[in-house]
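Take a look at the structure below.
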2 protein chains.
Amino acid sequence: MEYQLNFSVNNKIYIRDPESSELGKEIVRKAIELIYEVGYEHFTFKKLALEIGTTEASIYRYFKNKHLLLVYILNWYWSYLEYLVMFQLKNIGDSKQKIRKIIEILTREMPIDSGKMKYDIPYLNQIVITESSKGYLVKEIKEINQAEVFKPFKDLCNTIANIILELDSEYPYPHSLSSMLIETSHNQQFFSSHLKRLTDVKNDEDASAYVAAYLEDLVFRVLG
Amino acid sequence: MEYQLNFSVNNKIYIRDPESSELGKEIVRKAIELIYEVGYEHFTFKKLALEIGTTEASIYRYFKNKHLLLVYILNWYWSYLEYLVMFQLKNIGDSKQKIRKIIEILTREMPIDSGKMKYDIPYLNQIVITESSKGYLVKEIKEINQAEVFKPFKDLCNTIANIILELDSEYPYPHSLSSMLIETSHNQQFFSSHLKRLTDVKNDEDASAYVAAYLEDLVFRVLG
DNA sequence: CTTTTAATAATAGTATTACTATCATAAAAA
DNA sequence: TTTTTATGATAGTAATACTATTATTAAAAG
């Protein structure tokens, strides 16, 4: 006789780990390309299968649906960003300088070590700007959240919150300021590219440079 | 012989004005209910038709697709908010007090004059929190924007930006601060309800009261 | 070196979604 | 009273979001 725990502790993000096979990696790589090109709403597993030269059924063996594939991609990005933050801040002593670096990381388009990255970072940046809120703005938020699906985002938020506290240990809203910075870096980039009147960007000004300047000004007004 | 301008100046938000008929109003009213209940992704014209007791085809005579119906609802809300801001600020002289009022309007759940409103404001508040970014985060942003579809949102943003300038005429980012306030009021309400770790809300604290306090603190740190 | 297992391809099929088209009817306007 | 306009009823299509089945192939185990 066997005893079995009958509740699923963590009904993960994927069915089969896409990192574990060539097809899996190809699914993620080409999904990034395709979502970048057509946008999340027009992105389908059928188009993706065609692009890769595989079948819908094969993709469904890796991901339950396109939403969880999006979330997988976003999570990879958040983990990558957290790694970047950790790595690039470790030799900076000054807290103010750390915040500046974080804003640079949150707003720049290119990775430093462009070229040999696993996934296409500039595409990912765009996807995150346009699609990342669709990862959590869903009716099923509670169930998805219980599956620990948003951990990478929360971790990144927490890491930045701690650096905020380093600079001003009395500041009462470090997590909200952190998540606001992340979200604002996206929507202000979107606005300054597509809905300029919602920002103060100049006509010929670079969108990410503008957002970086705005956010830096903002944070140092808030944290003194 | 006739001369004709062959470009459409403004391919509006709706096909037929929903305000112009009982069915039209019912479509909007019940759409608000249904989107609130099932979320935008699960909302379909078929379900809406069933709810109203009409047919899909009839709804399609008013709106080209569900995205434009959402945008219509959002626009009604932005216009309503701008009216509220205008109305409730007209007897306030102090700029600081005006900003406080704006934050209250952006974060509170109930309308003052609850009861005899055309549409259900608490439902609308929730819809705006969860679905409003889906109005603009689409691949077709350029074409939609050209149809002046986002005017109410831009107007509201501009109105708030002007009040920001009243308080601090030197502040270099009034529009970005304004759009940030609006967007942050939504995502921080969402976070403090569903993803608390991204905020500093207390376990038993009211989400909108928390966000109001956070935003007030934020704005007055920024504008001194 | 064969057998089992596991992964993928190939194919088919279903329910739902997002529409478009047609025709009849009722009510309102001319 | 005629004509226009709005709605209802019905049908149909292409695409989407899946599930299921079987065959084939490659890798792992015996």
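In this text, all values refer to a predicted model and were calculated from it rather than measured experimentally. Letters go in sequence order (proteins before strands), and every chain restarts at 1.
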Could you tell me whether the phosphate oxygens of [N], OP1 or OP2, come under 4.0 Å of any side-chain nitrogen or oxygen in [X]?
| X | N | result |
| --- | --- | --- |
| B/S58 | D/dG8 | yes |
| B/Y62 | D/dA6 | no |
| A/T54 | C/dA9 | yes |
| A/S20 | C/dA7 | no |
| A/T55 | C/dA10 | no |
| A/R16 | C/dT8 | yes |

Handout entry: Whether B/F190 and B/H194 hold their rings parallel, tilted or perpendicular, with breakpoints at 30° and 60°
Key = tilted
Exercise for the section: Using the six-membered ring wherever Trp is involved, compare the ring planes of A/F45 and A/F43 and label them parallel, tilted or perpendicular (cut-offs 30° and 60°). Expected result: perpendicular
Mind calculating the distance between [atom1] ([X]) and [atom2] ([N]) to the nearest angstrom?
| X | N | atom1 | atom2 | result |
| --- | --- | --- | --- | --- |
| B/L69 | C/dA18 | CG | C1' | 14 Å |
| A/I59 | C/dA7 | CD1 | C1' | 15 Å |
| A/I52 | C/dT8 | CD1 | P | 11 Å |
| A/I27 | C/dT8 | CD1 | C1' | 10 Å |
| B/L48 | C/dA18 | CG | P | 12 Å |
| B/E22 | D/dG8 | CD | P | 12 Å |

Completion exercise
A/S21 meets the side chain to side chain contact (heavy atoms under 4.5 Å, CB included) criterion, sequence neighbours left out, with A/L23, A/Y62
Run the side-chain donor-acceptor check on residues 179-186 of chain B: report pairs under 3.5 Å with partners two or more places apart or on a different chain.
unit_1	atom_1	unit_2	atom_2	d
B/S179	OG	A/Q188	NE2	2.9
B/S179	OG	A/L198	O	2.8
B/S179	OG	B/H175	O	3.1
B/S179	OG	B/S176	O	3.3
B/E183	OE1	B/Y136	OH	2.7
B/T184	OG1	B/M180	O	2.7
B/S185	OG	B/I182	O	2.7
B/H186	ND1	B/I182	O	3.4

Practice task
Sugar-phosphate means primed atoms, P, OP1 and OP2; the rest is base. With that split, encode nucleotides 12-29 of chain D 5' to 3' as B, S or - using protein heavy atoms under 4.0 Å.
Solution key: ----SBBBB---------
Problem - Five-pair end axes of the helix from C/dC1-D/dG30 to C/dA30-D/dT1, angle between them (10°) - result: 10°
Report yes if the side chains of [X] and [Y] come closer than 4.5 Å at any heavy-atom pair, otherwise no.
| X | Y | result |
| --- | --- | --- |
| B/D120 | B/M117 | no |
| B/N65 | B/L68 | yes |
| B/S178 | B/I164 | yes |

Handout entry: With sequence neighbours excluded, residues passing side-chain hydrogen bond (donor to acceptor under 3.5 Å, both in side chains) with B/K134
Key = B/E41, B/E131
Fill in the blank from the handout: Here the salt bridge (Lys or Arg N to Asp or Glu O under 4.0 Å) pairs for residues 184-205 of chain A, sequence neighbours left out, are none
